[in-house]
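Presented below is the structure to which this report refers.
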Amino acid sequence: MTELIQNAWLGWQAYKESGRLIALFLLVLLVLWLWKTGQEGSLRFYATVLAVLCICPVTAALLMQYQTRFYDYQWIWSYVPVTIVTAWGAVLVADRIRSAYRGRERYKAYGLFVLLAAVFLLCGNFGNASGQWAEERADRDSAVQILTAVTESIATSENPHSEALCILGPRNVISEARRLDGGIRTVYGRDMWDLHLGAYSYDVYDDGTQQLYEWMNAVETSAGDGEALASALEVPGDEIRKSGANCLIVPADVPKELVQAIEEELQVPAVFAPGCVYYRISGEGGDQNE
């Protein structure tokens with residue numbers, strides 16, 4: 001339960017930083033209670049109670065437990081009529097402005113209407129989400145570049161009728177492989193690190209596949225982490241061959257000693273391509289992510 005409460009609190013911190021619309025919603029709620037218009041009191045009360053339940057870590061954890069681990073924290077806010085209440089508050093504010101400025105002072109009302117619209121526009125996604133999206137887009141572009149370079153390199157150096165690729169590689173490459181080419185297989189999929197994708201499945205990866213995932217994580221961070229490099233140098237050659245992978249992809253910035261260690265363990269030469277180093281290997285079969 002302690003872990004759920006901590007996750008709920010961290011989820012709230014991330015949710016409020018992803019944009020300012022939630023701050024505007026809370027401000028509208030405060031204004032509606034201060035004005036006491038008498039209109040739609042049940043909606044105001046319902047929205048306030050649900051907002052408090054979503055913000056309080058204990059009750060938020062219970063709501064997260066109710067909706068199952070398949071969904072992240074932000075989904076509990078679907079219980080709260082954020083859009084309806086915010087729009088309702090905006091209409092009431094606009095009506096107050098219209099009533100206050102009439103006749104020759106109508107131009108003041110027009111200016112305030114423009115200001116009100118600007119507030120809504122600026123409260124969209126002005127938080128960390130924009131930076132996160134840019135980072136994710138950069139990761140996707142990098143993965144597409146790597147996959148394109150690898151497939152083109154293989155196509156020009158091998159028999160065009162050779163077996164389909166089964167890739168073991170970094171997260172971003174695994175995520176984009178099937179988008180780029182449906183014929184590409186991967187040793188494991190996104191459900192390896194994004195557990196919500198497998199929340200309703202009893203299928204789990206075996207210990208050998210888990211070991212490959214942990215080793216690949218060490219490989220990705222080996223360029224700037226001595227401890228990760230030490231772990232990456234212990235190349236699990238047997239597990240790589242058992243996995244059925246026939247193409248191992250590592251980032252281009254991995255240390256030279258790691259490139260050599262993989263060559264020696266797998267007994268295959270490293271091929272340098274834009275953005276990565278890859279190895280063409282033969283596996284002994286195994287379960288691949290289709």
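- Scanning both residues, L212 and Y188, for their nearest heavy atoms gives O-OH, 4.4 Å.
- Nearest heavy-atom pair across C276 and A252 is N-CB, 3.5 Å.
- V259 has its side chain within reach of F272: a pair of non-hydrogen atoms, C-beta onward, lies under 4.5 Å apart.
- Contact annotation: the side chain of V268 never approaches that of L248 to less than 4.5 Å [non-hydrogen atoms, C-beta and beyond].
- Below 30°, between 30° and 60°, or above 60°: for W77 and F25 the angle between ring planes is above 60°, a perpendicular geometry.
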* To do: Dump the intermediate steps for side chain to side chain donor-acceptor pair (under 3.5 Å) on N172 and S175, then the final yes or no.
  => CA-CA 5 Å; N172 62 332; S175 298; over 6 Å; no

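- With hydrogens and angles disregarded, no donor-acceptor distance shorter than 3.5 Å links the side chain of S142 to the backbone of A138.
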* Working for side chain to side chain contact (heavy atoms under 4.5 Å, CB included), residues V187 and M192 -> CA-CA 10 Å; V187 174; M192 173 64 83; over 6 Å; no

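- Between the S153 side chain and the V150 main chain, no donor and acceptor come within less than 3.5 Å of each other.
- Shown here for S231 and W215, the closest heavy-atom pair between the two residues is O-CD1, 3.8 Å.
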* To do: List the steps and the verdict of side chain to side chain contact (heavy atoms under 4.5 Å, CB included) for D181 and L147.
  => CA-CA 9 Å; D181 185 346; L147 288 165; over 6 Å; no

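- By the 4.5 Å heavy-atom criterion applied to side chains, R280 and N246 are counted as neighbours.
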* What's the verdict on side chain to side chain contact (heavy atoms under 4.5 Å, CB included) for D141 and R137, showing C-alpha distance, side-chain angles and the deciding distance? -> CA-CA 6 Å; D141 292 343; R137 181 56 184 267; 3.2 Å; yes

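- Here the closest heavy-atom approach between residue D238 and residue E265 is recorded as N-OE2, 4.5 Å.
- Following chains of ILVMFWY side-chain contacts shorter than 4.5 Å, one cannot reach V52 starting from Y66, and the two form parts of different hydrophobic clusters.
- Formation of a donor-acceptor pair under 3.5 Å by the E263 side chain with backbone atoms of A270 is found in this model.
- With S243 contributing its side chain and I240 its backbone, the two residues share a donor-acceptor pair below 3.5 Å.
- Closest of all the heavy-atom pairs between A223 and D253 is CB-O, 3.4 Å.
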* Under the side chain to side chain contact (heavy atoms under 4.5 Å, CB included) rule, what do V235 and E264 come out as? Steps first, then yes or no, please. => CA-CA 9 Å; V235 183; E264 293 174 1; over 6 Å; no

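- With a 4.5 Å cut-off on side-chain heavy atoms, I154 and Y278 count as touching.
- Residue L229 holds its CG atom at 10.5 Å from CD of E234, rounded to the nearest 0.5 Å.
- The minimum heavy-atom distance linking A47 with P81 is given by the pair CB-CG, 4.0 Å.
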